[in-house]
Amino acid sequence: MSTGPRQNLAAKDRIDLLQGTLDMLILRTLLFGPAHGHTIAHSIESGSDEVLQVEHGSLYPALHRLVRQGLLSAKDGLSENNRKAKFYSLTAKGRRHLMRESNKWDRLSAAIGRIMRPTES
Amino acid sequence: MRLSRRGYESISAEIQDYLDRETRRNIDSGMSPEDAAFAARKKLGPTARVLEETREASLGILWRWLELLWRDLHHGVRMFAANPAFTFTAVLSLACGAGANVAMFSVADALLLRPLPVPHPREIMTVGSEYHNDNSSVLRTSYPNYADIRDHARAFESLFAYSFLTAGFAAQRGSAPMVKLGAVVSGNFFEAMEVQPQLGRRFRPEEDQVRGRDAVIVLSYSLWEELGGDRNIIGRSIDIAGIPFTVIGVAPENFTGPDHLVQPSFYVPAMMWPRLFADPATLDDRFTPRMTVKGRLKPGVSFSQAQAELDTIASGLERAHPDTNRNQRLLLRTEFQTTALGNRVYTALASILTLLAAAVLVVACANVAGLLTSRAPLRAREIALRLAIGAGRARLIRQLLTESSLIAFAGGLAGLPLAYACILIFRRVRLVSDFMIQPHFELDQRALLFSLAVAMGSVILFGLIPAIQTTRTNLTSAFKAGAGVEIGKRRLWGRNLLVAIQVAVSLVLLTVAAFAANAFRGELTRGMGFRSDHIALMTVDPRILHYTDAQSLRFFDTLTERAAALPGVKSAALTSGMLGTGLSYASVQPEGFHFPLGQDSANIYYDRADENYFSTIGIPVLRGRAFLKTDSLDAPSVAIVNETFAAHYWPNQDPLGKRIRVNNLRWAEVVGVAKNSHYGFIGEPPRAFFYLPYRQGPQGNLTLLAASAGGSASLIEPLRSLIADIAPSLPVYDAQTMEQFYASKVTGFGSVMVEVISAMGLMGLTLSMIGLYALMSYSVTRRTREIGIRMAVGADRANVMQMVVRQGMLPVLFGIALGRCLSAGAGQWLRAVFPLRYEIGPAIYWLMVPLLLSVAMLAAFLPARRASLVDPITALREE
């Protein structure tokens with residue numbers, strides 16, 4: 001019984017972390033140019049050598065949220081086989097946001113790394 | 001809706017695009033097309049949830065919330081339109097509940113709750129010494145005391161005082177005066193109330209400084225309209241009691257006065273009081289509590305601080321004026337306390353009606369809750385499907401609650417005409433008077449807000465539990481069996497409990513209704529204890545013409561003598577009070593009676609009457625004698641008491657020859673004992689009462705009673721012209737026949753009460769029978785298969801019907817037992833708050849329980865009959 005609340009807390013933290021991280025990864029992927037959802041999902045997976053398993057279902061809410069926040073813009077276009085598809089691209093605001101986030105990420109991971117592996121640094 | 005659909009379609013297309021691409025990718029890596037499609041779906045996750053979450057992300061919380069609300073409403077409306085019987089029953093049930101509550105709220109509002117029509121009404125407090133009798137307690141004080149309190153109190157912004165009076169009013173010099181109710185007020189009255197006149201100005205401080213100097217008047221809006229609504233009225237002269245007053249202002253339309261039920265037609269400065277009534281003592285008499293004093297508490301001053309200050313002032317006054325202010329505490333009351341304690345009968349009435357209405361609402365909500373749960377199995381499939389494709393349970397509960405709110409608001413809306421009809425019935429209750437003393441029953445903003453609150457509250461009452469239950473569906477069984485889902489014992493138990501509660505509450509409603517109807521009818525046949533026909537009445541007040549007491553006496557002598565001589569008049573008499581309209585009370589010390597410590601007198605209602613009163617009105621004098629013409633000022637003071645007075649103050653003694661002291665003045669000898677009658681309202685408990693001969697006290701208004709041989713209506717005009725002949729400019733008011741008076745004041749009130757209370761009782765019964773019927777049909781439908789099996793193995797129709805009826809009647813019997821206990825409690829409470837002489841006796845149960853049982857039997861019988869007609873073969877094949 002006593003572990004219940006703690007477990008809940010951990011689950012909550014995990015979701016928060018994932019959401020923020022997923023947003024950053026999406027922005028990073030789009031740095032190379034516009035793409036549609038399917039491409040974004042697979043390039044995150046393959047870019048991380050399949051270490052990061054993105055739940056593809058959670059990608060779309062994230063994309064739409066980023067659009068609403070003005071970090072991405074969405075445009076209907078034609079894909080390679082002439083099908084209508086929605087293309088996402090980075091806005092100027094999104095670019096600035098990505099810079100800030102990746103700086104923050106670098107500092108965070110370096111700090112955590114120093115704590116986890118004190119001898120190696 | 002269209003925008004919303006387009007949004008969904010775009011997301012849907014995007015997801016479809018993903019699935020297509022993923023499937024192709026899987027096929028490219030060597031999967032079969034079926035496996036590829038399946039793997040793609042698996043990779044994406046539950047489609048419905050992705051769709052909803054994406055939509056939510058793209059809209060933001062607020063818009064998403066609105067969109068869902070819109071969608072649920074749309075869905076709900078469609079569902080209700082598809083189930084008209086269900087919708088009709090549910091909405092009608094709630095309309096009854098909400099309508100009854102809104103109507104009763106507006107009654108309680110008119111009698112008790114409505115705040116004074118001034119800015120920040122809550123700040124206004126009443127200050128004064130308590131004067132009470134068995135059904136009211138008011139705070140009053142005398143003018144000199146008011147002046148002292150005003151000058152010493154620091155806790156109030158300013159204290160103002162007022163007193164109501166009736167006076168002859170003439171718009172033009174010399175025209176025949178009408179009698180109007182007005183208020184003498186302290187100069188700061190309008191300022192302290194923060195009332196800005198519609199026209200003209202308020203009183204100036206110096207206009208309430210010098211006695212009799214400043215004859216200025218502020219008219220009420222309704223009087224101004226009555227006079228023609230002329231905007232140039234300011235500066236014009238108007239006669240009050242023969243004195244020319246200059247109109248300085250007109251009060252705003254919404255300002256109906258400083259008191260709940262009394263609406264004065266005009267306001268004049270208190271300093272004009274001695275001139276209005278040729279009585280110089282009004283402003284100097286410290287003993288007689290003529291003023292009501294109110295004021296706004298200063299910000300930051302607490303109720304108890306103000307009370308502490310008043311205690312200090314009161315003891316200061318007691319030291320300075322020991323003869324008049326002995327034991328005179330000063331109390332503080334909020335406006336609500338003032339109205340609630342000022343008329344306990346109204347308070348009791350308002351609380352009884354409110355509680356009855358609440359009971360109706362509970363039954364109605366139980367009904368709708370029952371209907372909703374009985375729909376649960378029908379909706380189980382839909383709910384299960386939506387749960388399966390990933391809709392959250394909270395989301396589904398929300399949807400069900402939105403549907404409930406739809407019913408609630410539809411019910412609330414449909415309840416408004418019902419409430420209005422109720423209010424129209426209540427408006428028939430008129431206090432018989434030419435004055436503006438009339439509660440205003442309104443279906444106003446406050447009532448509408450209240451109905452909204454009732455609707456909201458009822459959603460919680462009837463919607464929440466069914467919603468939670470409906471969404472607790474077991475997925476597999478829901479899909480397996482469709483409409484025949486196994487519901488489990490617990491839910492059925494809950495529904496039985498609902499029916500039991502409904503039956504219990506409606507039994508309480510019925511017994512209370514039957515009790516009230518019976519009690520009032522009994523009282524009506526018993527009557528008030530005096531003649532209710534063949535009397536013409538009208539009231540005059542010679543003080544309006546500044547008559548001295550001697551002049552008044554001469555006037556009344558001439559009047560009764562000449563009235564009795566009119567053709568068709570059997571006898572003529574005078575009285576100061578007719579059934580509560582003119583009754584006053586006095587502090588009385590009965591000789592030889594020991595009051596509890598700290599009390600030296602009792603406040604008892606009395607009436608001033610003449611020597612013909614008892615025989616004319618038909619109240620027998622049981623012992624001793626009636627008043628005589630010789631009971632005049634120079635003769636020894638006498639009084640007549642009623643039976644209750646004699647029995648209470650002189651038990652087992654001879655009341656004749658005992659003495660009572662009235663208002664600390666002369667001792668009067670009891671010369672007669674009159675039979676008890678009702679003095680305030682029909683059905684009141686016996687109370688002590690006494691009579692004084694009008695010739696032995698100060699003069700005032702008196703009502704002339706002329707007993708007629710034939711119809712009394714034809715006497716009114718001759719009597720009017722008789723009065724005009726004796727005193728040409730004396731206004732006559734409240735002229736009517738006893739029949740009219742009795743019908744509106746006594747029977748009118750009683751029958752309206754009986755109608756309203758019985759209507760609520762019937763509503764409760766109807767609603768709970770609908771509830772029972774719904775439960776029975778539901779349980780029969782659910783058990784069709786079981787019944788089929790029973791019949792297949794040999795049970796006959798009679799067995800089946802017996803079984804179903806037995807099952808339906810079980811909660812009813814339980815409810816009756818519960819209702820019996822609750823009614824006993826309700827009876828106790830009813831007797832405690834409402835001074836009726838009746839009790840809920842066993843007779844009412846003997847009547848109500850079989851009634852309830854037989855209606856319940858009928859509600860159970862119809863579904864049982866349907867059950868007995870079940871064809872075993874079809875029932876079993878239904879799987």
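By convention in this document, chain letters (A, B, ...) are assigned in the order of the sequence lines, proteins followed by strands, and residues within each chain are numbered from 1. Quick note: numbers below take in every heavy atom, side chains included, and nothing from hydrogens, waters or symmetry partners.
For the set Gly57(A), Pro61(A), Gly37(A), Ala62(A), the count of heavy-atom pairs under 4.5 angstrom toward chain B peaks at Pro61(A). Of the listed residues (Glu22(B), Glu52(B), Glu53(B)), the greatest number of heavy-atom pairs within a distance under 4.5 Å of chain A belongs to Glu22(B).
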Trace of the side-chain hydrogen bond (donor to acceptor under 3.5 Å, both in side chains) decision for His38(A) with Arg25(B): CA-CA 10 Å; His38(A) 187 252; Arg25(B) 193 181 133 103; 5.0 Å; no

Starting from the C-alpha separation in whole Å, work towards a yes-or-no answer on side-chain contact (heavy atoms from CB on, under 4.5 Å) for His36(A) and Glu14(B). CA-CA 9 Å; His36(A) 51 71; Glu14(B) 206 178 342; over 6 Å; no

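Heavy-atom neighbours of Arg41(B) CZ from other residues, nucleotides or ligands within 6.0 Å: at or below the threshold of 12. More than 12 heavy atoms of other residues, nucleotides or ligands lie within 6.0 Å of CZ in Phe80(B), so this atom counts as buried by the packing criterion.
The side-chain hydrogen bond (donor to acceptor under 3.5 Å, both in side chains) check on Tyr60(A) picks up nothing, with sequence neighbours excluded. Taking His64(A) as the reference, nothing meets the ring-ring contact (aromatic ring centres under 6.0 Å, His included) condition, with sequence neighbours excluded.
For Lys86(A) against Ser10(B), the heavy-atom pair with the smallest separation is NZ-OG, 3.5 Å.
Only the backbone of Leu59(B) comes within contact range of chain A, with at least one heavy atom under 4.5 Å from a heavy atom of that chain.
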